[in-house]
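Report on the structure given below.
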Amino acid sequence: MAKAPVLTPQAEDFPRWYQDVVAKAELADNGPVRGTMVIRPYGYAIWERMQAELDRRIKDAGAANAYFPLFIPQSYLEREQEHVEGFSPELAVVTHAGGKKLEEAAVVRPTSETMIDAYFAKWVQSYRDLPLLLNQWANIVRWELRPRLFLRTTEFLWQEGHTCHATDTDARAYALRILREVYEDFVVNVMAVPVFAGLKTDREKFAGAVASYAIEGMMGDRKALQMGTSHVLGQNFARVFGITYLTESGDQEFAWQTSWGVSTRLVGALIMAHGDDGGLRVPPRLAPVQAVVLLVRDEDGAGERAAALRHELAGAGVRVELDARVDVTFGRRAVEWELKGVPVRLELGPRDATAGTVSLVRRDTTAKETVPLAGVAGRVTALLDEIQTTLYEQAVARRDTNTVDAESLDAARDAAQRGFSRLAWDGSGDAEDRLAEAGVTVRCLQRADGGLPESVDESGLFAVIARAY
RNA sequence: CGGGGAGUGGCGCAGUGGUAGCGCACCUGCUUUGGGGGCAGGCGGUCGGGAGUUCGAAUCUCCCCUCCCCGACCA
């Protein structure tokens, strides 16, 4: 019996489909204040998996976690001119507290450069203190005019790294290392989303940075989503916050800095990069639940078999759940797990219990196979690897078939309406304005071989152009 | 913040001045359970908020709030 679709089909209305997934997969709800978000347990479990993977990579890159205050004195923010100009439109400012007007207003952090740098100035004295590599997991507030759950909310969760280095070279190398070894590695190998890594144009650069690098992924509607950024700050903030150190030769010098972050926006990326008309499809390496054992009916010992199967899979290192809610119909539960994008479903009922088998269903292809219970753990772990690979290959195929090399600005502008375009870039003139008129932007600049440029003035660069979130 | 659309039970909707309705969900019972089952009986809404017009407002007027789409700004 054909039922009405669970979700609005992507082809019919992509934004609507996105909202449907967020609601039906129980990822998040709107908060009561415009732009705020309630992250529900399943959505938060996905974020926790992202955090765990990212945190390990961040620590491997030598940075340590710390925590700084939510409230920043307004005067701190105002010290770096470009920085305050960039952020002032979206600041939430506390002017009253404790029942009276504050002497100095406190800004709810939109990012923590100014707060952290005030302490870096205290802590950095000598070249022996460098490099100083910190990371913080925090919530931040940027008053958004057009919120969308996960993609752009007024309050969101993220990770922000802040570092000080003795030399420009060292700082630049570190910013690129984070981009490649933390962000790109995580997004490609765990989230299974291919990206273009590149340099932001001045117009897209972080307020106060010398250079901003980013990774850009293609979503299911062929629009681009920035999935992580890493900034070279030069000595801009060090100068205004007085972060100085004594060199080996006894000279006083300003520290060279970086900052970098990824946010809960990645959950939005996950939805849009892999989701289909059946709901979410979570890559196994990311999935908080990699496999679910679905007990069809507790007869002929099926219940015991299912519990044992769950135990065996857990023992094999699979993140597995047992769904033994036999008072809820089978079809309903199957749809529920599909919506949540759990990679592998193991259906076990009386027939299987008698035959000593179990049905394996892949979420990515919907392929179903019946296999003997003995040795099923090995089959499941192999399947998880296959699904990880399939999801990545599908995402690569979509990106590649929708990325075209353009010979002219007009051609690039036109192609970017339907996907990504690449165009030889000279940086001068009004090219970016002309692209903006068509609703598309330069997502990043790359060298011809895909490498990362040192500056926007480098010759021989290519622009990746697209509509963007 | 500009333009457009919309707020009626948890969700989706009907209801153009006269006693608030429908479908799904939810609860109870029976029956079912291998892809959103069936039957029967129930619970649940001061119609986004406020003010006004009127004998009477979900419905008309004004103000505000929220959500969605497009645009400018951004992770």
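Fair warning: this is a prediction, and the values are worked out from it, not measured in the lab. Each chain gets a letter, A, B and so on, in the order its sequence line appears, and its residues count up from 1.
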Worksheet item: Do you know which two heavy atoms are closest between A:S259 and A:F206, and how far apart they sit?
Response: OG-CE2, 4.4 Å
Under 3.5 Å on both distances, the Watson-Crick or G-U partner of [N]:
N     : result
B:G36 : none
B:A58 : none
B:C24 : B:G10
B:C73 : none
B:C47 : none

By nearest atom, which of the nucleotides [options] is closest to the [X] side chain?
X      : options             : answer
A:L145 : B:C69, B:A72, B:U33 : B:A72
A:P15  : B:G35, B:C69, B:G34 : B:C69
A:F330 : B:C74, B:G37, B:U33 : B:U33

Mind checking if [X] touches a base, just sugar-phosphate, or nothing, with heavy atoms under 4.0 Å?
X      : answer
A:E204 : nothing
A:Y469 : base
A:T153 : base
A:R333 : nothing
A:E90  : sugar-phosphate
A:Q226 : sugar-phosphate
A:A436 : sugar-phosphate
A:P147 : sugar-phosphate
A:G35  : sugar-phosphate
A:R345 : base
A:L266 : nothing
A:P89  : nothing
A:S263 : base
A:V262 : nothing

Nearest whole Å is fine: how far is [N] [atom2] from [X] [atom1]?
X      : N     : atom1 : atom2 : result
A:R152 : B:C70 : CZ    : P     : 10 Å
A:R467 : B:C69 : CZ    : C1'   : 14 Å
A:L149 : B:C69 : CG    : C1'   : 15 Å
A:L7   : B:G36 : CG    : P     : 16 Å
A:E82  : B:C73 : CD    : C1'   : 15 Å
A:L151 : B:C69 : CG    : P     : 10 Å
A:N30  : B:U66 : CG    : P     : 11 Å
A:E369 : B:G34 : CD    : P     : 21 Å

Practice prompt. Would you mind telling me which residue lines up with the more 5' stretch of RNA chain B, A:R265 or A:G331, judged by nearest nucleotide?
Written response: A:G331
Worksheet item: Does A:H231 or A:R16 map to a spot on RNA chain B nearer the 5' end, using the closest nucleotide for each?
Response: A:R16
I'd like to know if [X] pairs up with [Y] as an ion pair, taking the criterion as any Lys NZ or Arg NE/NH1/NH2 lying under 4.0 Å from an Asp or Glu carboxylate oxygen.
X      : Y      : answer
A:E216 : A:K200 : yes
A:E82  : A:K205 : yes
A:E204 : A:R443 : yes
A:E312 : A:R305 : no

Is the phosphate of [N], meaning OP1 or OP2, less than 4.0 Å from a side-chain N or O of [X]?
X      : N     : result
A:R146 : B:C68 : no
A:R34  : B:C67 : yes
A:R148 : B:C69 : yes
A:T329 : B:G37 : yes

[atom1] gap between [N] and [M], integer Å:
N     : M     : atom1 : answer
B:G9  : B:G48 : C1'   : 14 Å
B:G35 : B:A72 : P     : 48 Å
B:C69 : B:C64 : C1'   : 22 Å
B:G7  : B:C11 : P     : 14 Å
B:C60 : B:G17 : C1'   : 8 Å
B:C63 : B:G45 : C1'   : 25 Å
B:G56 : B:G5  : C1'   : 31 Å
B:U59 : B:U19 : P     : 14 Å

Worksheet item: Given the rule in the side chain to side chain contact (heavy atoms under 4.5 Å, CB included) test, do A:V84 and A:R79 qualify, once you have shown the distances and angles that lead to the verdict?
Response: CA-CA 8 Å; A:V84 66; A:R79 289 191 202 174; over 6 Å; no
Discussion item. Distance criterion of 3.5 Å, no angle test: do you see the side chain of A:R142 paired donor-to-acceptor with the base of B:C74?
Written reply: no
Worksheet item: Under 3.5 Å, is there an N or O donor on one side and an acceptor on the other linking the side chain of A:E338 and the base of B:G35?
Response: yes
Fill in: Member of A:V371, A:L309, A:D323 meeting the side chain to side chain contact (heavy atoms under 4.5 Å, CB included) criterion with A:L346
A:L309
Worksheet item: Parallel, tilted or perpendicular: which fits the ring planes of A:W158 and A:F156, with parallel below 30° and perpendicular above 60°?
Response: perpendicular
Item to complete: Name the orientation class of the two ring planes belonging to A:F420 and A:F196 (parallel below 30°, tilted from 30 to 60°, perpendicular beyond 60°).
Response: tilted
Item to complete: Starting from the C-alpha separation in whole Å, work towards a yes-or-no answer on side chain to side chain contact (heavy atoms under 4.5 Å, CB included) for A:L7 and A:D277.
Response: CA-CA 6 Å; A:L7 306 167; A:D277 285 346; 5.9 Å; no
Practice prompt. Check whether the aromatic ring of A:F156 stacks on the base of B:A75, taking stacking as ring centres less than 5.5 Å apart and planes within 30° of each other.
Written response: yes
